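What follows is a set of notes on a single structure, which appears directly below.
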Amino acid sequence: MDSSARSGAGGVTGNPRAWIVAGIAVAGVIVVAEAARRRRRWLRGKCTVPADSGAFCERLELAPPPQPPPPAARQLLSGLTFAASDNFEIEGYVAGFGNPDWKRTHKAASRTAVAVTMLLKQGATCVGRTVMDELGFGVTGENLHCGTPINPVSPTVVPGGSCSGSAVAVSAQLVDFALGTDTTGDLRIPASFCGLLCFRPSHGVVSTLGTIANSQSLDTIGWFARDPRVLHRVGDVLLPAASGGLKEKKQLVFADDCFELLKVPKQKTMHIIENAVHTLPGYQPPKHINIGQYISSNVPSLKEFCQHATKLQGGISALKALCAVMLLLQRYEFKANHEDWVNTVKPKLGLDISTRVLQAVNFTDDNIKSLYIVRNEWRAALKNLLKDTGILVLPTMAGYPLKRNSRKRLSPEFEDRMYAFVCIAALSGCCQATVPLGNHSDHPISLSFVAPHGSDKFLLRAILDMYSTIQEQLVFASKLALRPVINNDIGASELLKEKGNNSFKIKEWSKAIEFYSEAIKLNDTNAAYYSNRAAAYLELGRFKQAEADCDKALLLDKKAKC
């Protein structure tokens, strides 16, 4: 080594400042490298977001038969596309049931699910199968193996499960509608989280042949849509003609105790529906009921489960007991269906799903008959409550969805409220429709409508008739929310009355009724509001409503002009 090199080396070792500079340089290189690594990982994450929002686990195309020549009627679903959850069998393909171990241990289907075949025959095209929670057991839409589909209306939160992929495919406008199965809310929960319409038919009305069962006494095949007309057209194909047609009279029955659990103001939920039916023909004045008390009084076999039920806020322990029966029934039937497979294969499952599956396969309750007795009693009680023309109205969900990739798990309180709402239709086997109602606190909200078992087409028709009026009420409610703040409700009601008067003058009778109705909600002791609304009802030929308002006005003020 020459002298210059030796002196250079000695200069570094003998100079502390040089070591500090060298250390800083090395640290700088490490920081830059770490920043570059994190950026590459972030970019990879961005690039791995699929164009289909992660909704599909399998892309395929099943084309419908050719449209028959005239004068044959046009196929009902011609030109529409759809997808189906991963538990629908398709000839030549292996259904995955949301889990790769299931797919690995099963053969390709020799037939296509009956519901899929019916849709194909009416002109719809199937474009793939969608991600679902493993074995149909989850409620968040997170899948350990496929990932979590991206909720199009709120990408930071989970889409809900178990039919998460089907909901996301419709919400992201990748298909016109999508199929899924609903056992304990598997359609209704993602419909609520993704801002969609969905329909859960009466149990047994749509054939489940060709689907993998979770719990056959609870499983139903339903569908998501963005457009109420598409929701209705799919029903025309899948539902039998005898499943409850058009009825002249309808009456909404509000489950008040369920609305008390809701964190959303009634002005954004219940009042919107009440105002909508005010303007529609064929609706009787709505009723209000405490559904928990009704269940307690009319389902006698539920008493043995009430002692195990945690009392919920609002005193709806009977609903909690009903939930317990639903979940016990699901565990019993899942065990009967899949215990051997679970014990033999020992599938790799996500934490939440594994917990639910273990609860099912370890189920040991001997009093199985009581579960089915409660189910039958509850169906009969709900039929007696609603008769032929009643529709029960309740929130779809009580809380907001979890954040994506959150380490938090669903709280017991959240699960209690969620199942309290979904068990009403699930255990009774009645039909239920879910309708989005915009957002609250940046989260989508929705209401559900339940009709007696077998009244499916009646309920679908009611949703189709109400939908546009509900949307008008949503716009109206948002405009009211933007009006100047008035400290006095009387002042606010007078302002609404004046708006009603202005609408009346230009012959917008329905709009006038909306304003008078809002004024009455703020101040229901002013006879003028009722007499003014009666006048608007008369202009529309709605004489019963006009008479009722006149009676109310005269009761408040004998000199009222009516």
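The shown structure was predicted, so the numbers you read here are calculated from the model rather than taken from an experiment.
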Under 3.5 Å, which donor-acceptor pairs link side chains of residues 469-477 to any protein atom two or more places apart or in another chain?
| residue | atom | partner | partner atom | Å |
| --- | --- | --- | --- | --- |
| Q473 | NE2 | E514 | OE2 | 3.0 |

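- At a threshold of 4.5 Å between non-hydrogen side-chain atoms, the residues I520 and S493 do not count as touching.
- Looking at R229 and V234, their side chains never come closer than 4.5 Å, going by heavy atoms from C-beta outward.
- With sequence neighbours excluded, the residues that form a side chain to side chain contact (heavy atoms under 4.5 Å, CB included) with C323 are Y419, A420, C423.
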(request) Could you walk me through whether L239 and L460 pass the side chain to side chain contact (heavy atoms under 4.5 Å, CB included) test, one step at a time? (result) CA-CA 10 Å; L239 296 170; L460 266 178; 3.6 Å; yes

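- Residue pairs satisfying the salt bridge (charged side-chain N to carboxylate O under 4.0 Å, His left out) criterion with at least one member in residues 157-169, sequence neighbours excluded, are absent.
- Every ring pair (Phe, Tyr, Trp, His ring centres under 6.0 Å) that F137 has, sequence neighbours left out, goes to F334.
- Annotation for C194 and P159: closest pair SG-O, 3.6 Å, computed over non-hydrogen atoms.
- Between the side chain of D257 and the backbone N or O of I291, at least one donor-acceptor pair lies under 3.5 Å.
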**Message:** With side chain to side chain contact (heavy atoms under 4.5 Å, CB included) as the criterion, how do F504 and N532 come out once you've worked through the C-alpha distance, each side chain's angles and the decisive distance to 0.1 Å?
**Reply:** CA-CA 9 Å; F504 192 97; N532 288 5; over 6 Å; no

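- With rounding to the nearest 0.5 angstrom, the CG atom of L302 is 14.5 Å from the CZ atom of R375.
- Pairing each heavy atom of S510 with each of T279, the nearest pair is O-CG2, 4.4 Å.
- When every heavy atom of N143 is checked against every heavy atom of G98, the shortest pair comes out as ND2-O, 3.0 Å.
- The distance from atom CG of L392 to atom CD of Q251, rounded to the nearest 0.5 Å, is 11.5 Å.
- Using a cutoff of 4.0 Å between basic side-chain nitrogens and carboxylate oxygens, K266 and E260 are scored as salt-bridged.
- E508 pairs by the salt bridge (Lys or Arg N to Asp or Glu O under 4.0 Å) definition with nothing, not counting sequence neighbours.
- With hydrogens and angles ignored, the 3.5 Å screen pairs no side-chain donor or acceptor of Y467 with any backbone N or O of D227.
- Side-chain N/O atoms of S166 and T130 include a donor and acceptor closer than 3.5 Å.
- For the pair Y294/L385, a side-chain contact is recorded, criterion being any heavy-atom separation below 4.5 Å from C-beta on.
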Could you walk me through whether L328 and F305 satisfy the side chain to side chain contact (heavy atoms under 4.5 Å, CB included) test, starting with their C-alpha distance in whole Å, then the side-chain angles of each, then the deciding distance to 0.1 Å, before giving a yes or no? CA-CA 11 Å; L328 290 173; F305 297 95; 4.0 Å; yes

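- Residues passing the side chain to side chain contact (heavy atoms under 4.5 Å, CB included) test with P444 are V153, N439, sequence neighbours excluded.
- Distance alone, capped at 3.5 Å, is enough to place a donor-acceptor pair between the S428 side chain and the A425 backbone.
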(Q) Run the side chain to side chain contact (heavy atoms under 4.5 Å, CB included) test on M418 and V139 for me, step by step, so that the C-alpha distance in whole Å, both residues' side-chain angles and the decisive distance to 0.1 Å come before the verdict. (A) CA-CA 10 Å; M418 174 182 66; V139 295; 3.9 Å; yes

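- Applying the side-chain hydrogen bond (donor to acceptor under 3.5 Å, both in side chains) rule to K552 yields no partners; only residues at least two apart in sequence or on another chain are considered.
- Although no hydrogens or angles enter the test, the distance criterion places a donor-acceptor pair under 3.5 Å between the side chain of S517 and the main chain of I513.
- Using modelled atom types, one finds no donor on one side chain facing an acceptor on the other under 3.5 Å when comparing S215 with T183.
- Considering only residues two or more places apart in sequence or on other chains, Q267 meets the side chain to side chain contact (heavy atoms under 4.5 Å, CB included) condition with P265, H271.
- You'll find the side chain of W509 stays beyond 4.5 Å of the side chain of K511, heavy atoms only.
- Looking at F193 and M397, their side chains come closer than 4.5 Å, going by heavy atoms from C-beta outward.
- Residues satisfying the ring pair (Phe, Tyr, Trp, His ring centres under 6.0 Å) criterion with F199, sequence neighbours excluded, are W223.
- Applying the side-chain contact (heavy atoms from CB on, under 4.5 Å) test between T396 and each of P436, S192, C198 identifies S192 as the sole match.
- Taking OG from S164 and CE from M132, the interatomic distance works out to 8.5 Å, rounded to the nearest 0.5 Å.
- Judged by distance alone, with hydrogens and angles left aside, the side-chain atoms of Y516 form a donor-acceptor pair with the main-chain N or O of N501 at under 3.5 Å.
- Rounding to the nearest 0.5 Å gives a distance of 11.0 Å between OG of S503 and CD of E498.
- For R200 (side chain) and L187 (main-chain N/O), no donor-acceptor pair under 3.5 Å exists by modelled atom type.
- A donor-acceptor pair under 3.5 Å links the side-chain atoms of E377 to the main chain of S301, judged by distance alone.
- For the pair F458 and G390, the tightest heavy-atom approach, listed with the atom from each and the gap, is CE2-O, 4.3 Å.
- With sequence neighbours left out, the side chain to side chain contact (heavy atoms under 4.5 Å, CB included) criterion links R226 to V170, Q173, D176, L196.
- Residues D133 and G161 come closest through the heavy atom pair OD2-CA, 3.5 Å.
- Remark: F254 pairs with H288 by the ring pair (Phe, Tyr, Trp, His ring centres under 6.0 Å) rule, at least two apart or across chains.
- Under a cutoff of 6.0 Å and an axis angle of 45°, K497 and Y529 do not form a cation-pi pair.
- Under the salt bridge (Lys or Arg N to Asp or Glu O under 4.0 Å) criterion, D549 pairs with R533, sequence neighbours left out.
- Under a 3.5 Å cut-off, the side chain of D219 and the backbone N or O of N214 do form a donor-acceptor pair.
- Distance check: L540 CG to L538 CG gives 9.0 Å after rounding to the nearest 0.5 Å.
- Under the 4.5 Å side-chain criterion, counting only non-hydrogen atoms from C-beta, L394 is not in contact with L447.
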**Q.** Stepwise side chain to side chain donor-acceptor pair (under 3.5 Å) check, E518 with N275
**A.** CA-CA 8 Å; E518 291 298 322; N275 290 342; 2.5 Å; yes

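- Across every non-hydrogen atom of T148 and G141, the tightest pair is CG2-O, 3.8 Å.
- Panel note: side chain D524, backbone K521; no donor-acceptor pair is recorded below 3.5 Å.
- Although no hydrogens or angles enter the test, the distance criterion places a donor-acceptor pair under 3.5 Å between the side chain of S297 and the main chain of Q293.
- Note on R461 versus D456: no salt bridge recorded, every NZ/NE/NH1/NH2 to OD/OE distance being 4.0 Å or above.
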For K287 and D256: C-alpha separation, side-chain torsions, deciding distance, then whether salt bridge (charged side-chain N to carboxylate O under 4.0 Å, His left out) applies.
CA-CA 10 Å; K287 287 173 57 178; D256 286 348; over 6 Å; no

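- Between V157 and S154 the shortest side-chain heavy-atom distance falls below 4.5 Å.
- Proximity of R417 to K263: side-chain heavy atoms (C-beta onward) are separated by under 4.5 Å at one or more points.
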